[in-house]
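Structure, as structure tokens:
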Amino acid sequence: MRESLKNAQERAQRVFDCLNDHYPPVTTFLTHKNTFELLIAVILSAQCTDERVNLVTPTLFEVLPNPRAFVEASLDDIQGLINSINFFNNKAKNIQLTSQILLEKYQSKVPKSLDDLIQLPGVGRKTANVVLGQAFGIPGITVDTHVKRLTQRLKFTKNDDPVKIEMDLIKRWPTDLWIDLSSLLILHGRQVCDARKPNCGKCIIASECPSFKLSD
């Protein structure tokens, strides 16, 4: 039987409340001191672990602390500073080009608009929503692999495309929960709802999860 939107919204609220009560307050998992550092760190985190990025960025930002420094650096130097990160060659090009646009078009400031952010090299909706939420408090739902997996298992979406998933999820949770929601789902995905072997026996939202009930 298909779940009505109202019932899905009520279940979604219970899922959020349970996760929010269980986990400590969470923000971004990436180490940064300002909005520019957050933007670059999120670009670097694509298809790479936050832990790896956090090992690289302190030295990176010590050597290259602002957009002008990235623009004036050689591409080889940037690549050398991030060469332990996946796809570092392409990411080095993107963060240098992004820095150039920030310097020339935005006076070295990170724009607060989704439309402006997604025009920057290496920035998609996921990256933009992280920056908007964590740096500016502008609500958005970040759909990474954890959010995708959990919301599919929770039957809040049937889609695989991240943008379509985002559109499904914004119908189920109120706007004021979006920023914390993404962080909570990511945390729960890392600690409990593993991709290969979810620990359903220790899952605090198992009673709200149709996938758990099907496997019970």
Query raised in the report: Going through the checks in order, is the side chain to side chain contact (heavy atoms under 4.5 Å, CB included) test met by Cys203 and His188?
Result: CA-CA 9 Å; Cys203 181; His188 192 63; 3.3 Å; yes
**Report entry** Check: Ser99 and Arg68 side chains under 4.5 Å, non-hydrogen atoms
**Finding:** no
Query raised in the report: Does a side-chain heavy-atom distance below 4.5 Å link Ile40 with Leu64?
Result: no
Query - Short side-chain to backbone donor-acceptor contact, Thr49 and Arg52, under 3.5 Å - result: yes
Query raised in the report: Checking Arg190 against Phe29: charged group under 6.0 Å from the ring centre and within 45 degrees of the axis?
Result: yes
Query raised in the report: Do Asp17 and Gln13 have a side chain donor and acceptor closer than 3.5 Å?
Result: yes
Query raised in the report: Where the side chain of Glu10 meets the backbone of Leu5, is there a donor-acceptor pair that is under 3.5 Å apart?
Result: no
Report task. Show your working on side-chain hydrogen bond (donor to acceptor under 3.5 Å, both in side chains) between Glu104 and Gln100 and close with a plain yes or no. Result -> CA-CA 6 Å; Glu104 295 176 353; Gln100 184 173 356; 3.3 Å; yes
Query raised in the report: Is a side-chain N or O of His32 found less than 3.5 angstrom from the main chain of Leu30, in a donor-acceptor match?
Result: yes
Query raised in the report: Is there side-chain contact between Trp178 and Thr175, with at least one heavy-atom pair below 4.5 Å?
Result: yes
Requested in this report: Could you tell me if the ring centre of Phe70 sits under 6.0 Å from that of Phe36?
Outcome: yes
Query raised in the report: Is the side chain of Asp116 donor-acceptor paired with the backbone N or O of Pro111 at a distance under 3.5 Å, no angle test?
Result: no
Query raised in the report: Do we see a donor-acceptor contact under 3.5 Å between the side chains of Gln152 and Asn159?
Result: no
Query raised in the report: Are Val123 and Phe136 linked, directly or through other ILVMFWY residues, by side chains that come within less than 4.5 angstrom of each other?
Result: yes
Query raised in the report: Do Gln47 and Asn86 have side-chain N/O donor and acceptor atoms under 3.5 Å apart?
Result: no
Query raised in the report: What closest approach, in Å, do Pro162 and Val143 show between heavy atoms, and which atom pair accounts for it?
Result: O-CG2, 3.8 Å
Query raised in the report: Looking at side-chain heavy atoms only, is the closest gap between Leu154 and Arg11 below 4.5 Å?
Result: yes
Query raised in the report: For the residue pair Ile43 and Lys91, what are the closest heavy atoms and their distance?
Result: O-CE, 3.9 Å
Query raised in the report: Hey, quick one: are Leu181 and Val147 part of the same hydrophobic cluster, counting side-chain heavy atoms closer than 4.5 Å, chains of contacts allowed?
Result: yes
Query - Side chain proximity check, Asn199 to Asp194, heavy atoms < 4.5 angstrom - result: no
Report summary line: Correct closest heavy-atom pair for Cys200 and Phe212 would be CB-CD1, 3.3 Å
Report task. Quick one: closest heavy-atom pair of Leu132 and Ser113, and the distance? Result -> CD2-N, 4.1 Å
Report summary line: Separation between CD (Gln191) and CD1 (Ile186), nearest 0.5 Å, reads 12.5 Å
Query raised in the report: Is a side-chain donor or acceptor of Thr98 paired with a backbone partner of Pro121 at a separation under 3.5 angstrom?
Result: yes
**Report entry** Distance-minimising heavy-atom pair for Arg153 and Cys193
**Finding:** NH1-SG, 3.0 Å
Query raised in the report: Is it true that Glu3 and Lys155 have a side-chain N and a carboxylate O under 4.0 angstrom from each other?
Result: no
Query raised in the report: Would you say the side-chain atoms of Lys126 pair up with the backbone N or O of Thr142, donor to acceptor, closer than 3.5 Å?
Result: no
Report task. Would you kindly confirm whether Val130 and Ile118 end up in one hydrophobic cluster when ILVMFWY residues are joined by side chain heavy atoms under 4.5 Å apart? Result -> yes
Query raised in the report: Considering only heavy atoms from C-beta outward, does the side chain of Gln134 approach that of Leu38 to under 4.5 Å?
Result: yes
Requested in this report: Flag yes if Met167 and Trp173 sit in one hydrophobic cluster, no otherwise; membership is Ile, Leu, Val, Met, Phe, Trp, Tyr, and two members link when side-chain heavy atoms are under 4.5 Å apart.
Outcome: yes
Query - Nearest-0.5 Å distance that lies between atom CG in Leu103 and atom CD in Glu72 - result: 8.0 Å
Report summary line: Only one of Asn129, Thr127, Val110 passes side chain to side chain contact (heavy atoms under 4.5 Å, CB included) with Leu117, and that residue is Val110
Query raised in the report: Is it the case that one hydrophobic cluster holds both Phe88 and Ile95, taking links as side-chain heavy atoms less than 4.5 Å apart, direct or via other members?
Result: yes
Query raised in the report: Within the distance-only criterion (no hydrogens, no angle test), does the side chain of Thr57 pair as donor or acceptor with the backbone N or O of Leu60 below 3.5 angstrom?
Result: no
Requested in this report: Mark yes or no for whether Glu37, through its side chain, and Phe61, through its backbone, hold a donor-acceptor pair below 3.5 Å.
Outcome: no
Query raised in the report: Any luck finding a side-chain donor-acceptor pair between Ser183 and Asp180 under 3.5 Å?
Result: no
Query raised in the report: What heavy-atom pair brings Leu185 and Leu150 nearest, and what distance separates the two atoms?
Result: O-CD2, 3.4 Å
Requested in this report: Drop me the distance from Lys105's NZ to Gln119's CD, to the nearest 0.5 angstrom.
Outcome: 7.5 Å
**Report entry** Test: Arg14 and Glu208 ion pair at under 4.0 Å
**Finding:** yes
Query raised in the report: Is any side-chain heavy atom of Leu120 less than 4.5 Å from a side-chain heavy atom of Asn94?
Result: no
